[in-house]
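First comes the structure, then the notes that go with it.
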Amino acid sequence: MVQPSPFPYFGPLAAGEVAGRDELRADLVRRMQQRRLTALLGPRRYGKTSILRQVAADLEVEGYGTVWVDLYELSSMADLAGAFDRGMASTRGPLREALHSLAGSLSLQLGVLGLELARSPRDRPDPTLRLRTLVQVLVQLAERQPLLLVLDEFAGIANVDHGAGLLRTELQHHYRDLGICFAGSQPSTMATLFGDRAQPFFSQADLVHLGPMADADVAAIVESGFERTQRRARLVVGSIVVLAEGHPQRAMQLADAVWQLVPEGGVAKPEHWEVALANVRAAVDSSSERLFQLVPTGHQKVLRIVAGGGSVYGTAASVLDLSTGTARAAVAALLGSADLRRDDDGKLRLVDPLFADWIRRRFPV
Ligand SMILES: Nc1ncnc2c1ncn2[C@@H]1O[C@H](COP(=O)(O)OP(=O)(O)OP(=O)(O)O)[C@@H](O)[C@H]1O
Ligand SMILES: [Mg+2]
């Protein structure tokens with residue numbers, strides 16, 4: 001039988017596969033128990049969905065049910081209502097029964113909104129009214145049993161006219177009844193949604209930032225994944241940790257690439273690392289190139305300088321004819337899109353270390 005890799009790196013992890021992040025995990029569980037409105041913010045593929053799945057599993061042990069609504073790339077009120085309908089219909093066990101029965105008492109069938117919206121305009125439900133009813137079902141259920149509502153990819157709400165307003169109206173008097181956690185990866189959109197004091201309700205949410213993983217945690221994940229599968233990683237752990245720069249998904253991808261080359265009972269060697277790195281580069285280089293071509297010239301210059309470890313206001317900037325004004329605007333935009341991060345040492349870094357790696361090879365200094 002082919003042994004599954006201990007380093008899955010596509011999509012969210014199942015609860016139980018989430019490694020490290022213990023403090024954050026406990027903090028999020030406590031917040032939900034205390035009904036503290038919370039927004040979990042972090043760059044793409046940093047593990048937001050994974051950790052929230054783990055938090056949901058932790059709370060399930062205490063009798064909580066979870067309704068998971070994915071707001072990815074919504075563009076209309078119908079999409080938003082559809083996301084709630086799907087989220088509520090895809091629950092399991094007693095929660096599923098309770099939701100269906102409550103919805104039934106309001107003459108609603110869960111999980112069929114997509115079909116209903118495809119009917120002729122005369123027979124089609126009004127998505128705004130439907131969404132209101134769905135949220136009311138959730139609120140009523142929360143009066144009977146502990147409930148967690150996860151609104152993942154919440155930045156998607158910004159594309160729905162009146163979407164945020166409607167959720168606020170429906171939830172603002174009930175947020176003490178259920179645990180609500182928003183998650184999102186677009187810092188600029190999330191800051192507008194949650195940072196604006198003029199936005200009641202959302203601005204009450206505590207912002208919790210999901211940062212890069214500590215190097216020691218990445219090292220422990222790599223070593224234990226190899227050990228669990230009867231292999232040893234000591235000689236390559238350092239290379240993985242250094243290149244990954246705390247990016248959880250990239251760390252797993254690099255670890256997987258090495259793991260694939262090492263037979264059971266074997267020891268990962270620097271030669272394996274070289275081949276693994278070449279394989280990963282071959283897999284991601286073309287998307288790095290496309291991404292780079294898509295950004296404006298000022299952004300490209302900033303990315304080149306930051307990837308090379310220089311200062312966007314220093315010598316490297318003057319070599320590239322990057323004015324201070326352009327640099328400042330590009331840095332703000334790239335921080336806002338989570339392409340750049342500013343670390344505790346004050347230094348800017350690219351969020352995606354493999355994108356930085358491609359830029360360094362493409363534009364050697
Ligand atoms: N705690 C963790 N332990 C091990 N791997 C992790 C952890 N968190 C994230 N990862 C890695 O990152 C990948 C992406 O995780 P996940 O989908 O949860 O991130 P996300 O922030 O929700 O991403 P997106 O913004 O694309 O929705 C996982 O497949 C896994 O490889
Ligand atoms: Mg996610």
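Just so it is clear, the values below take in all heavy atoms, side chains as well, and ignore hydrogens, waters and symmetry mates. Both ligands and their constituent atoms are indexed starting at 1 by order of listing. Everything numeric here is computed off the predicted structure, so don't read it as measured data.
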Donor-acceptor contact present, side-chain E170 to main-chain R168, <3.5 Å
no
From the candidates D22, L24, L13, the one that places a heavy atom nearest atom 5 (N) of ligand 1:
L13
Taking the inter-plane angle between the rings of F226 and F7 on a 0 to 90° scale, is it parallel (under 30°), tilted (30 to 60°) or perpendicular (over 60°)?
tilted
If only atom types and distance count, is the side chain of Q54 paired as donor or acceptor with the main-chain N or O of A15 below 3.5 Å?
no
N or O contact, P8 vs ligand 1, cut-off under 3.5 Å
yes
Quick one: which of L134, L113, L110 gives a side-chain contact (heavy atoms from CB on, under 4.5 Å) with F84?
L134
R45 neighbourhood, listing ligand 1 atoms whose heavy-atom distance to it stays under 4.0 Å
12 (O), 19 (O), 20 (P), 21 (O), 23 (O), 24 (P), 25 (O), 26 (O)
With a cut-off of 4.0 Å, which atoms of ligand 1 are near a heavy atom of V18?
1 (N)
Charged N-O contact under 4.0 Å between R25 and D58
yes
Has ligand 1 got any nitrogen or oxygen that is less than 3.5 angstrom from a nitrogen or oxygen of Y46?
yes
If you measure every N or O of R44 against every N or O of ligand 1, does any of those distances drop under 3.5 Å?
yes
Quick test: of every protein heavy atom, which one is nearest to atom 2 (C) of ligand 1, and how far off is it to 0.1 Å?
M213 CE, 3.4 Å
Closest by any non-hydrogen atom to atom 25 (O) of ligand 1: pick that one out of R53, K48, R250.
K48
Sub-3.5 Å donor-acceptor pair from the side chain of D343 to the main-chain atoms of D345, do we have one?
no
G47 versus ligand 1: do any nitrogen or oxygen atoms come within less than 3.5 Å of each other?
yes
Total protein N, O or S atoms, the Mg ion (ligand 2), separation less than 2.8 Å:
1
Mind listing the side-chain donor-acceptor pairs of residues 141-154 below 3.5 Å, one per line with the distance, residues two or more places apart or on another chain?
| unit_1 | atom_1 | unit_2 | atom_2 | d |
| --- | --- | --- | --- | --- |
| D152 | OD2 | T49 | OG1 | 2.7 |
| E153 | OE1 | R44 | NH2 | 3.2 |
| E153 | OE2 | R44 | NH2 | 2.9 |

Is the cationic atom of R304 (NZ for Lys, CZ for Arg) positioned less than 6.0 Å from the six-membered ring centroid of F363 and within 45 degrees of its normal?
yes
Would you call E116 and R130 a salt bridge, using N to O less than 4.0 angstrom?
yes
On a heavy-atom basis, I'd like to know which of S50, G11, P12 is closest to atom 28 (C) of ligand 1.
G11
Taking T91 for the side chain and G87 for the main chain, is one N or O donor matched with an acceptor at less than 3.5 Å?
no
Please report, to 0.1 Å, the donor-acceptor pairs under 3.5 Å made by any side chain of residues 319-335, with sequence neighbours excluded.
| unit_1 | atom_1 | unit_2 | atom_2 | d |
| --- | --- | --- | --- | --- |
| S323 | OG | T326 | N | 3.2 |
| S323 | OG | T326 | OG1 | 2.8 |

Only pairs at least two apart or in different chains count here, so list each side chain to side chain donor-acceptor pair (under 3.5 Å) that has a residue in residues 279-302.
R281-D357, D285-R361
Under 4.0 Å between heavy atoms, the region of Q253 that gets near ligand 1 turns out to be neither
Residue portion contacting ligand 1 (non-hydrogen atoms closer than 4.0 Å) for F7
neither
Atom 3 (N) of ligand 1 has as its nearest protein heavy atom A19 N, 3.2 Å
E153: numbered ligand 1 atoms lying under 4.0 Å from its heavy atoms
27 (O)
